[in-house]
Q: 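First the structure, which I've put down as structure tokens, then a few questions once you've had a look.
All figures in this text were calculated on a predicted structure; none of them were measured in a lab. In what follows, chains are A, B, ... by sequence order, proteins preceding strands, each numbered from 1.
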2 protein chains.
Amino acid sequence: MHPRKVADSTVRRLAIYLRFLEEFADQGADTVSSGALAQRAGTTSAQVRKDLSFFGSFGKRGLGYDVPALGARLRQILGLTRRYRVLLVGAGRLAGALAQYAGFAARGFDVVAVVDRDPAKIGTCWGALRVDDVDRLEKIVVAERVEIAILVTPAEPAQQLADRLVATGITAILNFAPVQLQVPGVVEVKNVNLAVELETLSYALQHREEN
Amino acid sequence: MHPRKVADSTVRRLAIYLRFLEEFADQGADTVSSGALAQRAGTTSAQVRKDLSFFGSFGKRGLGYDVPALGARLRQILGLTRRYRVLLVGAGRLAGALAQYAGFAARGFDVVAVVDRDPAKIGTCWGALRVDDVDRLEKIVVAERVEIAILVTPAEPAQQLADRLVATGITAILNFAPVQLQVPGVVEVKNVNLAVELETLSYALQHREEN
DNA sequence: CGCGGCTCGTGAAACATTTCACAAATGCAC
DNA sequence: GTGCATTTGTGAAATGTTTCACGAGCCGCG
């Protein structure tokens, strides 16, 4: 049911399909074809069917997929049938945006704590959250039963903070710092680098204009 | 010199190499080997050499690469020898974080205007910027000579805003809205979906625990 | 019931990317 | 100058991903 190795690109698409399935469900549709999903997600019907086929066969030939059933199955595959407790490391503007981002909570990711090094930020409140001292990071991870850390700091302190997070037993990090974190193999790291996205746009513009 | 088609994954790595080259330059290193770059970037020396080989041969056998020269060459390849004028569409918290993000300005991306639909936000100031009415979007694009738009809105208005941006002649969009934008082929779109990143982490956790 | 129009599931083919492996250069020591 | 330790650049092989093509199943209709 869960194959050994599924490509990251496939998993990302599954998450996208889920988003559009929920949209279809809101519109009252009860079945959807691979072609319809593909069009919304910007891919092909064959790709949709192949992606799903890694995990089983959920459709009815001639009909398509049952919208609520496939949605439930995708949530199960992606591990979204439960909620996760998330710690924000860094209390800058981006952290603030993430803390309030409804898209996280809607998907089961609850920000339960925020830490920072800056005394001017420590003690300030963000909605129901209070920014805590980064010195208390280890205690907070344990007390709040944190499962996922989001690293939203400058490059310099990122590796050391990652080491401390790993030492507490955290095994999932979403890293916004522009460094390649060195962590043990059991720890899952996803990197997001916003500047790189703009730079690839710049490359595309540059290259198109030269043709 | 600029080959027909270079993989997106290669371009992203070039941007990452550039970041570490600048770090090496700050430390006063004047040459760097593919292996040293690879270690920092989390890849292999062969990958680094292959990536660079698409654009020419910049190294000296036995020695490595000249740090400032390779940096300059990467900036040229990525189109970062000039500055870009960027418009933020949407004035939420994420937009605020992006507007202030030093990493953009450092790379040549200047946010020159912000628009929103919410009357409560229009007229408020963000540093030197004043939030403008989205109704004036077309005028602003022309007056400010905007080249890149960053779409930071909910899903619903995103497609319509993209249509308006495309109509003004904008050919590069960084899209944070969770929709697949339909645009003409000449328009470059990069999608960033923060919830999807967390969901792929969730998948990894889920899957690991089942093994 | 049998037929026709859909749509899925999936092996095989096509295509893309990464890794390998090694010749060719380079600098340094002596 | 010669030999040695390095490190690049690059075809070829290996691996990974997407697309194709088609058999098989399902529904509705007469």
Q: Can you tell me the distance, in whole Å, between the CG atom of A/Leu52 and the P atom of D/dT19?
A: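 So the two atoms are 15 Å apart, to the nearest Å.
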Q: Quick one: is C/dC8 close enough that its OP1 or OP2 comes under 4.0 Å of any side-chain N or O from A/Ser57?
A: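 No, no such contact exists.
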Q: Taking only N and O in the side chain of A/Thr44, is any of them less than 4.0 Å away from OP1 or OP2 of D/dT19?
A: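 Yes, A/Thr44 has a side-chain N/O under 4.0 Å of OP1/OP2 on D/dT19.
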Q: Without decimals, in angstroms, what is the distance between B/Gln39 CD and D/dT7 C1'?
A: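 It is 16 Å, rounded to the nearest whole Å.
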Q: With a non-hydrogen cut-off below 4.0 angstrom, is B/Ser9 in contact with a base, only sugar-phosphate, or nothing?
A: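 Contact class for B/Ser9: sugar-phosphate only.
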Q: Please name all residues satisfying side-chain contact (heavy atoms from CB on, under 4.5 Å) with B/Leu129, sequence neighbours left out, ordered by chain then number.
A: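 Here the qualifying residues are B/Val111, B/Val114, B/Trp126.
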Q: Between protein and nucleotides 25-30 of chain C, what N or O pairs are separated by less than 3.5 Å?
A:
{"residue": "C/dT26", "atom": "O4'", "partner": "B/Arg61", "partner atom": "O", "Å": "2.9"}

Q: Walk me through it: do A/Arg208 and B/Thr171 pass the test side chain to side chain donor-acceptor pair (under 3.5 Å)?
A: CA-CA 10 Å; A/Arg208 174 154 54 70; B/Thr171 56; 3.2 Å; yes
Q: Just jot down the salt bridge (charged side-chain N to carboxylate O under 4.0 Å, His left out) partners of B/Arg85, sequence neighbours excluded, or say none.
A: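 So B/Arg85 forms a salt bridge (charged side-chain N to carboxylate O under 4.0 Å, His left out) with B/Glu144.
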Q: Residues in salt bridge (charged side-chain N to carboxylate O under 4.0 Å, His left out) with B/Asp110, at least two apart?
A: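 Here the qualifying residues are B/Arg83.
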Q: How long is the line joining CZ of A/Phe54 and C1' of C/dG9, in whole Å?
A: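 So the two atoms are 12 Å apart, to the nearest Å.
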Q: Whole-Å distance between C/dC8 C1' and A/Asp66 CG?
A: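 To the nearest whole Å, that distance equals 14 Å.
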Q: Looking at B/Arg49, I'd like to know whether one of its side-chain N or O atoms comes within less than 4.0 Å of OP1 or OP2 on D/dT8.
A: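 Yes, because at least one side-chain N or O of B/Arg49 sits under 4.0 Å from OP1 or OP2 of D/dT8.
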Q: In terms of side-chain geometry, is the basic nitrogen of A/Glu199 or B/Arg12 positioned less than 4.0 Å from the acidic oxygen of its partner?
A: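 No, this pair does not count.
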Q: Round to a whole Å and report the spacing from CZ of B/Phe55 to P of D/dG9.
A: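 Value for this atom pair: 14 Å.
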Q: Does A/Arg117 have any salt bridge (charged side-chain N to carboxylate O under 4.0 Å, His left out) partners at least two apart in sequence or in another chain, and if so, which?
A: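 Expected list: none.
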Q: In whole angstroms, how far is the P atom of D/dG11 from the NZ atom of B/Lys50?
A: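 From B/Lys50 NZ to D/dG11 P: 7 Å.
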Q: Enumerate the protein-to-nucleotides 28-30 of chain D contacts in which both atoms are nitrogen or oxygen and the separation is below 3.5 Å.
A:
none

Q: Would you kindly give the CG-to-P distance between B/Asp8 and D/dT17, to the nearest whole Å?
A: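 That distance rounds to 15 Å.
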Q: Does A/Glu23 have any salt bridge (charged side-chain N to carboxylate O under 4.0 Å, His left out) partners at least two apart in sequence or in another chain, and if so, which?
A: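 For A/Glu23 the salt bridge (charged side-chain N to carboxylate O under 4.0 Å, His left out) partners, ignoring immediate neighbours, are A/Arg40.
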Q: List the atom pairs, with distances to 0.1 Å, where a side-chain N or O of residues 182-195 of chain A and a protein N or O form a donor-acceptor pair under 3.5 Å, not counting sequence neighbours.
A:
{"residue": "A/Lys190", "atom": "NZ", "partner": "A/Asp8", "partner atom": "OD1", "Å": "2.7"}
{"residue": "A/Asn191", "atom": "OD1", "partner": "A/Asn175", "partner atom": "ND2", "Å": "2.8"}
{"residue": "A/Asn193", "atom": "OD1", "partner": "A/Ala195", "partner atom": "N", "Å": "3.3"}
{"residue": "A/Asn193", "atom": "OD1", "partner": "A/Val196", "partner atom": "N", "Å": "3.4"}

Q: Give the table of side-chain donor-acceptor pairs shorter than 3.5 Å for residues 25-39 of chain A, with sequence neighbours excluded, one pair per line with atom names and distance.
A:
{"residue": "A/Ser33", "atom": "OG", "partner": "A/Gly35", "partner atom": "N", "Å": "3.4"}
{"residue": "A/Ser33", "atom": "OG", "partner": "A/Ala36", "partner atom": "N", "Å": "3.1"}
{"residue": "A/Ser34", "atom": "OG", "partner": "A/Arg49", "partner atom": "NH1", "Å": "3.2"}

Q: Using a cut-off of strictly less than 4.0 Å between a heavy atom of the residue and any atom of DNA chain D, enumerate the qualifying residues of residues 23-37 of chain A by number.
A: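 Correct list: empty, so none.
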Q: Going by the salt bridge (Lys or Arg N to Asp or Glu O under 4.0 Å) test, which pairs reach into residues 173-185 of chain A, not counting sequence neighbours?
A: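 Matches after skipping sequence neighbours: none remain.
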Q: List in chain and number order the residues that pass side-chain hydrogen bond (donor to acceptor under 3.5 Å, both in side chains) with B/Tyr101, two or more places apart in sequence or in another chain; answer none if no residue qualifies.
A: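 By the side-chain hydrogen bond (donor to acceptor under 3.5 Å, both in side chains) rule, B/Tyr101 matches no residue at all.
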Q: What is the distance, to the nearest angstrom, from the CD atom on B/Gln47 to the C1' atom on D/dT15?
A: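 Distance, rounded to whole Å: 13 Å.
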Q: Aromatic rings B/Phe55 and A/Tyr203: how do their planes relate, parallel, tilted or perpendicular, breaks at 30° and 60°?
A: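 If you compare the ring of B/Phe55 with that of A/Tyr203, the planes turn out perpendicular.
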Q: Return the nearest nucleotide to the side chain of A/Tyr65; candidates are D/dC20, C/dT18, C/dC8.
A: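 Closest of the options to the side chain of A/Tyr65: C/dC8.
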